[in-house]
S.K.: 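Before I ask anything, here is the structure I am working with.
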2 protein chains.
Amino acid sequence: MANGSVRTIAMLRADPRLANSLADTRLASFPFLTPEERAAMRDCAATRRPVRIGMELVREGDPVDTVYFLEDGWACQYTTTRDGRRQISALLLPGDICNLDALLFRQLDVGVRMLTHGSVLAVPRERVATLAANYPGIMQCFTWLGLSENTILSRRTLCLGRLSARERLAHLLCELAVRLGHVASEGPVTFAMPLTQEHIADVLGLTPVHVNRSFRQLRTEGLLSSTRGTIGVCDIVALRRAGEFQPGYLHVQELRNGSTIDLRDANRRETLHMFEGPR
Amino acid sequence: MANGSVRTIAMLRADPRLANSLADTRLASFPFLTPEERAAMRDCAATRRPVRIGMELVREGDPVDTVYFLEDGWACQYTTTRDGRRQISALLLPGDICNLDALLFRQLDVGVRMLTHGSVLAVPRERVATLAANYPGIMQCFTWLGLSENTILSRRTLCLGRLSARERLAHLLCELAVRLGHVASEGPVTFAMPLTQEHIADVLGLTPVHVNRSFRQLRTEGLLSSTRGTIGVCDIVALRRAGEFQPGYLHVQELRNGSTIDLRDANRRETLHMFEGPR
DNA sequence: CGCCTATTTGATCCTCATCAAAGAATGTGG
DNA sequence: CCACATTCTTTGATGAGGATCAAATAGGCG
């Protein structure tokens with residue numbers, strides 16, 4: 001079962017008491033970081049905290065002064081209406097930052113909640129801010145991650161506003177497959193999915209009942225084989241087409257092949273220009 | 001009519017041929033910018049370009065190497081499906097940055113299109129990158145703006161996923177009122193609205209017909225008085241409640257009273273700590 | 001084994017989409 | 001200044017996708 005496997009991974013890691021390092025998060029995957037910046041990330045003190053399923057890292061509307069880096073397990077950002085309707089605005093996977101907004105905003109309108117057991121690295125805002133202020137490369141990572149969340153949200157907007165239930169589900173599963181690392185694989189893909197259909201409903205803006213029916217539809221069409229806790233994608237090409245999915249917006253490709261833009265490059269080139277004269 | 005008034009404002013400004021400055025955009029509103037940073041923004045060369053209604057600043061999926069700062073008029077970010085359904089993911093008002101993503105991404109999945117006549121300041125990515133690399137305060141503005149777009153998108157996600165048509169419309173109008181500067185006014189508010197009902201439908205994930213019906217509903221309930229090109233909010237409190245609107249997520253308040261976080265502050269305090277000894 | 005939670009399926013209802021067409025505003029050219 | 005085309009708004013009639021209500025089944029866990 002999914003929760004079990006997630007917890008297992010957590011247990012294979014270092015002693016939970018041990019303060020652990022930001023270098024294990026997605027932050028480390030940016031190609032333009034200097035050795036000093038990587039060292040600063042390693043040396044940045046962070047309290048590793050095991051968190052149980054259902055735990056609220058940030059309560060909706062509460063003031064925040066801690067940035068949480070998700071080490072293991074899944075989490076989500078969500079909002080609720082006064083009468084209790086809930087919408088999940090972002091799914092957070094291992095390595096993601098749970099509430100980057102806390103770097104610049106004292107108060108968030110969204111809550112953050114664990115969807116599985118797992119563990120987070122908690123870092124006071126002050127400390128993250130210092131890191132960002134002293135190391136431009138790290139600051140750029142934060143900006144990059146923020147803009148990247150943006151493109152994901154824009155795309156989700158299209159899903160919620162214009163796609164049918166079947167299309168939304170197909171899209172979500174494609175997105176998760178890519179974000180979990182099954183990138184451009186053409187063959188069948190299988191991955192653990194700790195979300196319940198109710199969670200999925202809260203992501204897709206549907207009812208759990210209708211999510212279930214959409215699953216069945218995709219299954220009978222031969223695109224999927226879903227069992228509790230596991231998704232098997234039988235026909236990934238068809239699933240992509242069904243979900244209007246184009247992986248470009250996730251920007252994983254750039255990170256992999258190291259073609260991300262480095263702002264300092266621009267600066268270096270400008271300096272060159274000064275010596276060479278204008279244009 | 002709305003378009004006309006927008007154009008009028010544009011004409012009151014300086015010579016359209018003249019290269020204009022970034023200090024006229026929302027960038028200038030950040031309290032923590034140093035005089036040098038403000039000067040750098042003023043000195044940053046930008047070509048001012050009048051743009052006509054319907055013009056595409058960025059075509060969906062095309063590579064981009066220019067950042068557009070919206071000076072006058074309204075624009076939007078949008079996405080379309082293969083079969084032509086369209087979703088507007090962001091409305092851009094005067095002062096907004098149209099495609100901040102272009103700072104760090106070479107290719108965008110969203111298009112940017114003018115919804116009225118207006119004018120933009122076009123700045124090559126390189127030049128914005130240099131600015132960001134040399135002036136940490138400006139870099140922080142970009143990050144702030146990115147994260148701010150994020151919270152707006154998260155909220156839109158709630159609207160699209162969980163609110164009824166009437167609620168969505170009420171929410172959008174409240175958001176626009178605040179973003180246009182009619183902040184906490186309790187009395188009746190009137191503002192120009194150049195969007196057609198079709199545009200609104202593309203924002204809210206509805207059909208134009210249903211947007212029209214939602215308008216009529218709000219009008220007969222006595223919350224609104226809408227005519228072509230103008231919105232009159234009669235009962236702002238009721239409209240807020242109808243749209244589940246809480247203005248906090250827009251973070252305009254912090255900007256106004258200057259309570260935005262300055263990352264350099266954290267750094268200064270840390271330095272103090274070093275002299276005072278730990279804790 | 002029994003409790004609890006998650007998935008599955010059925011029946012009915014309602015919100016919103018679709019199709020169609022008439023009216024108001026705006027802009028254009030003569 | 002008026003006739004006409006165009007675009008936007010408004011209203012009606014009908015249909016479909018998804019919500020809601022209800023209950024049965026299956027799976028995980030103590």
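Letters A, B, ... are given to chains in the order of the sequence lines, protein chains preceding strands, and every chain is numbered from 1.
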S.K.: Measure from CZ on A:Arg85 to P on D:dT20 and round the result to the nearest Å.
M.R.: 9 Å

S.K.: Contact class for A:Arg219 (heavy atom, under 4.0 Å): base, sugar-phosphate, or nothing?
M.R.: sugar-phosphate

S.K.: Round to the nearest Å and state the distance from A:Gln217 atom CD to C:dT9 atom P.
M.R.: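 To the nearest whole Å, that distance equals 13 Å.
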
S.K.: Can you tell me if B:Arg155 and A:Thr79 form a side-chain donor-acceptor pair at under 3.5 Å?
M.R.: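 The criterion, which ignores hydrogens and geometry beyond distance, is not satisfied for A:Thr79 and B:Arg155.
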
S.K.: Expressed in angstrom and rounded to an integer, what is the separation of B:Arg162 atom CZ from D:dT20 atom C1'?
M.R.: 13 Å

S.K.: Check B:Arg156 with B:Glu175, please: is the shortest side-chain N to carboxylate O separation under 4.0 Å?
M.R.: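 The answer is yes: the pair qualifies as a salt bridge.
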
S.K.: Atom CD1 of A:Ile231 to atom P of C:dT7: distance rounded to whole Å?
M.R.: 10 Å

S.K.: Check B:Arg168 against B:Leu160 and note the closest heavy-atom contact, atom names and distance.
M.R.: NH2-O, 3.5 Å

S.K.: So, the side chain of A:Glu244 versus the backbone of B:Arg82: is there a donor-acceptor pair under 3.5 Å, distance only?
M.R.: yes

S.K.: Could you tell me how far apart B:Phe215 (CZ) and D:dT11 (C1') are, to the nearest whole angstrom?
M.R.: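 Distance, rounded to whole Å: 16 Å.
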
S.K.: Quickly work out the B:Leu169 CG to C:dC16 C1' distance and round it to whole Å.
M.R.: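 Going from CG in B:Leu169 over to C1' in C:dC16 covers 14 Å.
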
S.K.: Give the table of side-chain donor-acceptor pairs shorter than 3.5 Å for residues 211-218 of chain A, with sequence neighbours excluded, one pair per line with atom names and distance.
M.R.:
residue, atom, partner, partner atom, Å
A:Asn212, ND2, A:Gln197, OE1, 2.9
A:Ser214, OG, A:His210, O, 2.9
A:Gln217, NE2, A:Glu221, OE2, 3.4

S.K.: Given C:dT8, C:dC16, C:dT18, which nucleotide is nearest the side-chain atoms of B:Ser164?
M.R.: C:dC16

S.K.: Taking the six-membered ring for Trp, are A:Phe245 and A:His171 parallel (under 30°), tilted (30 to 60°) or perpendicular (over 60°)?
M.R.: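 Aromatic pair A:Phe245/A:His171 classed perpendicular.
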
S.K.: What about A:Arg213, does its side chain sit under 3.5 Å from the base of C:dG10 through a donor-acceptor pair?
M.R.: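 A donor-acceptor contact between them is present.
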
S.K.: Can you identify which nucleotide, out of D:dT9, C:dG10, C:dA17, has its nearest atom closest to the B:Thr196 side chain?
M.R.: D:dT9

S.K.: For the side chain of B:Gln197, starting at C-beta, report the closest nucleotide among C:dT9, C:dA6, D:dT10.
M.R.: D:dT10

S.K.: Please report the end-to-end axis angle for the helix from C:dC1-D:dG30 to C:dG30-D:dC1, five pairs per end, rounded to 10 degrees.
M.R.: 50°

S.K.: Show the nearest heavy-atom pair for residues A:Leu153 and A:Ser89, with the distance to one decimal.
M.R.: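 Heavy atoms of A:Leu153 and A:Ser89 come nearest at CD2-O, 3.3 Å.
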
S.K.: For B:Thr207 and for A:Val209, find the nucleotide of DNA chain C with the closest heavy atom, then tell me which residue's nucleotide is more 5'.
M.R.: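 First, find each residue's nearest nucleotide; the 5'-ward one identifies A:Val209.
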
S.K.: Taking the side chain of A:Leu206 as heavy atoms from C-beta outward, which of C:dT9, D:dG12, D:dG18 is closest to it?
M.R.: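 The listed nucleotide nearest to A:Leu206's side chain is D:dG18.
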
S.K.: B:Leu163 has an atom CG; how far is it from atom P of C:dT15, in whole Å?
M.R.: 15 Å

S.K.: Using whole Å, report how far NE2 of A:His199 lies from P of C:dA6.
M.R.: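 Taking NE2 of A:His199 and P of C:dA6, I get 7 Å after rounding.
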
S.K.: Consider the side chain of A:Arg228, meaning its heavy atoms from C-beta on, and name the nucleotide among D:dG18, D:dG27, C:dA17 that approaches it most closely.
M.R.: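 Ranking D:dG18, D:dG27, C:dA17 by closest atom to the A:Arg228 side chain puts D:dG27 first.
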
S.K.: For B:Ser119 and B:Glu71, test the side chains for any donor-to-acceptor distance below 3.5 angstrom and give the result as yes or no.
M.R.: yes

S.K.: C:dT18, D:dA26, C:dC16: which one has an atom nearest the side-chain heavy atoms of B:His210?
M.R.: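 Comparing C:dT18, D:dA26, C:dC16 against the side chain of B:His210, the answer is C:dC16.
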
S.K.: Taking 4.0 Å as the cut-off, does a side-chain nitrogen or oxygen of A:Asn212 come that near to OP1 or OP2 on C:dT8?
M.R.: yes

